[in-house]
There are 2 protein chains.
Amino acid sequence: MNALQILHDKKIRPSGLRLKILDYILNHKTHPTIDEIYEALIEDNPTLSKTTVYNTTKVLFENGVVKQVAIEGQPMRYDGDIKMHGHSFCRMCNNVYDVELLEEVKADFNGFTVEDTQVSYSGICKNCNTKLN
Amino acid sequence: MNALQILHDKKIRPSGLRLKILDYILNHKTHPTIDEIYEALIEDNPTLSKTTVYNTTKVLFENGVVKQVAIEGQPMRYDGDIKMHGHSFCRMCNNVYDVELLEEVKADFNGFTVEDTQVSYSGICKNCNTKLN
DNA sequence: TTCAACTTTGTAATGATTACAACATTATAA
DNA sequence: TTATAATGTTGTAATCATTACAAAGTTGAA
């Protein structure tokens, strides 16, 4: 599904910048930050404001089009994959990887209505582990 | 195990403030923030600096004595329970609850060395659900 | 007792994010 | 088509949690 279809389905007016920002998030699986999105798009959109990237990602998030990936002590990242999955964060190279959860996390909620679940791991990735040896 | 024993075991010099701060975290299961710890202790310790609370919680965290509970868009919280467990955050009352994980989260890590796992849920707690009806 | 190491403090700096107001663009209905 | 309201975009300033830093206080070992 492409950016235009998604915005149309969610009744979000598909302005040029919204399309470009959503398209960037959908096509970069690196969990980009606001700055990364801004730097990537500023070249072809010289008047782009960082505030617009903040505003737009906020609209996309609030409408469930993208997910936020919060990593402690770092700027927010955005993820176009809204299926249930976890993230692993490498504290050496700062990359964020997708983690397929092999079974649903079962927990005792005692009347709590869950709206969002976040499973995240931090440590050292395969690549950085190799470099260490 | 009390605060003094813990600090001794970890070879952290048990200064008066460190003992009080750790004691507060151990005895308040509410996942307090820096500000909450500071406000609670300033009365009996009029010269206490917020920087000291930051410094001390950092030392405690780095030595594995307490855990950080990061909730997006809110100041960091601290948890004296270092056993594996999740957290649920109520977006209405802003309380944070402990969640017992009924089975270990299994995931495919592909060479990633996990040092820390965070499982968190957000939504509406039992109490606030009741108020809604 | 003295000196070095460590702890505590207050202020200033940092950095991500939001508030806000001006300006630009688009949609709608007369 | 034109007028007007609604929405989108921008830049600057404000906010707020956290960290940096340097000065002052405290502690403990030689």
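Both backbone and side-chain heavy atoms feed into the values below; hydrogens, waters and symmetry mates do not. By convention in this document, chain letters (A, B, ...) are assigned in the order of the sequence lines, proteins followed by strands, and residues within each chain are numbered from 1.
Taken from CG in Asn27(A) to CG in Leu22(A), the straight-line distance is 9.0 Å, to the nearest 0.5 Å. Here the straight-line distance linking atom CD1 of Ile42(B) with atom CG of Leu48(B) works out to 5.0 Å at 0.5 Å rounding.
Atom CD1 of Ile37(A) and atom P of dA16(C) are 14 Å apart (whole Å). If you measure from atom CZ of Arg18(B) to atom C1' of dT8(C), you get 10 Å, rounded to the nearest angstrom. For the pair Lys11(A) NZ and dA6(D) C1', the interatomic distance rounds to 18 Å; values are reported in whole Å. We find that CG of Asn63(A) is positioned 14 Å from P of dT7(D), with the value rounded to whole Å. Taking atom NZ of residue Lys20(B) and atom C1' of nucleotide dT7(C), one finds them 14 Å apart after rounding to whole Å. As rounded to whole Å, 11 Å separates atom C1' of dT7(C) from atom CD1 of Ile21(B). Summarising the geometry, the separation between CG on Leu7(B) and P on dC6(C) is reported as 16 Å, rounded to the nearest angstrom. For Leu19(B) and dC6(C), the CG to P distance is 18 Å, given to the nearest whole Å.
By the neighbour-count criterion of 12 heavy atoms within 6.0 Å, atom CD of Glu43(A) is sparsely surrounded, having that number or fewer from other residues, nucleotides or ligands.
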* Structure fact -> Per-nt protein contacts along nucleotides 12-30 of chain D (heavy atom under 4.0 Å; B base, S backbone sugar-phosphate only, - none) come out as B----SBBB----------
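Listed pair Ser15(B) / dT8(C) meets the phosphate criterion, a side-chain N or O lying under 4.0 Å from OP1 or OP2. Taking only side-chain nitrogens and oxygens, Thr47(A) comes nearer than 4.0 Å to OP1 or OP2 of dT10(D).
Side-chain contact check for Lys50(A) versus Tyr54(A): some heavy-atom pair is nearer than 4.5 Å.
Here Phe109(B) and Tyr121(A) bring their ring centres to under 6.0 angstrom of each other.
Using cut-offs of 30° and 60° for the angle between ring planes, the His85(A) and His87(A) rings count as perpendicular.
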